[in-house]
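Report on one structure; see the data block that follows.
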Amino acid sequence: MAISQTDKRTLPVPRHIAIIMDGNGRWAKKRGLPRTAGHAAGAEAFRRIANYCRTLGVEYLTVYAFSTENWKRSAEEVSGIMKLLGKYLEEALRDMEKNHVRFKFFGDLTRLEPKLRKLCMDAESRSAGYRGVQVNFCLNYGGRDELVRAAQAFARDVAEGKYSAEDLSEELLSGYLYSAGVPDPELIIRPSGELRTSNFLLWQSAYSEYVFMDVLWPDFGPEELDEAIAQYHRRNRRFGGV
Ligand code: FPP
């Protein structure tokens, strides 16, 4: 059952929704198309959902665009995904005034081609003042990698005398993550029928509600997002209480 028009007006939408955009390859295979065509359709699905999140008043949308493990794919597929990202960012930079989306990138961007890295940095700096939805692109991102980097950064601060080991708290550690300052996602959606979290937002997902759906990402649209939010509303979130 999808969210009804009445529910849409009365129930609060999650402040932060995260999505594992999965199933592009299978979508393409079913149609006899190259995998890159699936990613292109996936990029369109992302556009639709980012716009829809903005109209719903979702404050943060975090999407898994490329993981630290995705480099294992063929050079052709990797470069296809990077090209799509570059194209999307060029358009986003051009239409910035219209869309009011604020961009952030979670992940180690140093491994990206300099041109793409510059587009990411320009998108981040030029959109910093916008108050529409914040899109967090996870790019060369891994949840374990994020935690290792946070631990290294904290260890450096300890070595410099800024903190002692005992100062470390959940709050302090959160500040070393890519997501510093961003509230944890209430809802994490994984389409495509896979039932894994795949190294996505390991720390931030401690109390997130997961919704797994059978649809492939390129076919995911506003109706599917409504359905995921409706499932989220039916859950009873207790945060370890009774
Ligand atoms: C997972 O599907 C998807 C990815 C690894 C890449 C996600 C990238 C995009 C949606 C395009 C990026 C561009 C923008 C602008 C957001 P899969 O390839 O693992 O699918 P499969 O499991 O069916 O093979």
Side-chain angles (χ1 to χ4, degrees), residues 17-54 58 60-96 99 101-109 111-113 115-124 127 132-143 145 188-201 212-222 224-225:
I17 297 178
I19 306 181
I20 301 177
M21 304 186 290
D22 193 16
N24 299 344
R26 276 163 284 167
W27 183 92
K29 193 168 179 205
K30 265 176 42 183
R31 287 164 179 75
L33 296 170
R35 293 180 61 81
T36 313
H39 296 312
E44 282 312 309
F46 161 75
R47 254 183 240 275
R48 278 198 303 272
I49 288 303
N51 281 331
Y52 189 52
C53 280
R54 206 186 49 198
V58 173
Y60 302 91
L61 170 66
T62 302
V63 289
Y64 212 173
F66 197 85
S67 76
T68 45
E69 288 72 38
N70 285 151
W71 297 104
K72 290 183 229 155
R73 298 187 176 205
S74 74
E76 189 194 347
E77 184 172 351
V78 170
S79 94
I81 294 175
M82 296 300 167
K83 265 203 199 107
L84 279 169
L85 281 164
K87 185 167 157 262
Y88 173 80
L89 289 173
E90 273 168 4
E91 286 164 13
L93 279 161
R94 200 189 55 210
D95 299 338
M96 210 147 248
N99 293 331
V101 171
R102 192 165 64 249
F103 289 99
K104 289 273 179 202
F105 294 86
F106 292 1
D108 174 16
L109 302 188
R111 206 173 153 186
L112 304 184
E113 297 248 327
K115 194 171 162 227
L116 183 58
R117 195 163 68 231
K118 178 154 186 333
L119 282 173
C120 294
M121 289 180 324
D122 286 351
E124 211 168 83
S127 68
V133 62
Q134 173 169 320
V135 171
N136 304 310
F137 264 109
C138 296
L139 206 46
N140 191 20
Y141 171 89
D145 185 60
I188 301 183
I189 304 168
R190 181 166 197 159
S192 98
E194 304 290 350
L195 305 177
R196 289 185 296 281
T197 60
S198 296
N199 206 12
F200 187 48
L201 304 177
F212 296 97
M213 300 174 86
D214 264 334
V215 60
L216 301 171
W217 174 248
D219 293 326
F220 195 100
E224 284 70 25
L225 189 65

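Count residues from 1 along the sequence. In each ligand, atom 1 is the first atom listed, and ligand 1 is the first ligand listed. Keep in mind that the numbers below use all heavy atoms, side chains included, and drop hydrogens, waters and symmetry copies.
Qualifying salt bridge (Lys or Arg N to Asp or Glu O under 4.0 Å) partners for Asp122, counting only residues two or more places apart in sequence or in other chains: Lys118. Under the side chain to side chain donor-acceptor pair (under 3.5 Å) criterion, Arg31 pairs with no residue, sequence neighbours left out. Partners of Arg94 according to the side chain to side chain donor-acceptor pair (under 3.5 Å) rule, which considers only residues two or more places apart in sequence or in another chain, do not exist here.
Near ligand 1, Met21, Asp22, Gly23, Asn24, Gly25, Arg26, Arg35, His39, Gly42, Ala43, Phe46, Ala65, Asn70, Arg73, Ile81, Leu85, Tyr88, Phe137 each place a heavy atom less than 4.0 angstrom from the ligand.
Between Phe200 and Cys138, the closest heavy-atom pair is CE1-SG, 3.8 Å.
Of the listed residues (Phe66, Phe106, Phe46), just one forms a side chain to side chain contact (heavy atoms under 4.5 Å, CB included) with Phe137, and that residue is Phe46.
The local environment of CD in Glu113 is sparse, with at most 12 non-hydrogen atoms from other residues, nucleotides or ligands closer than 6.0 Å.
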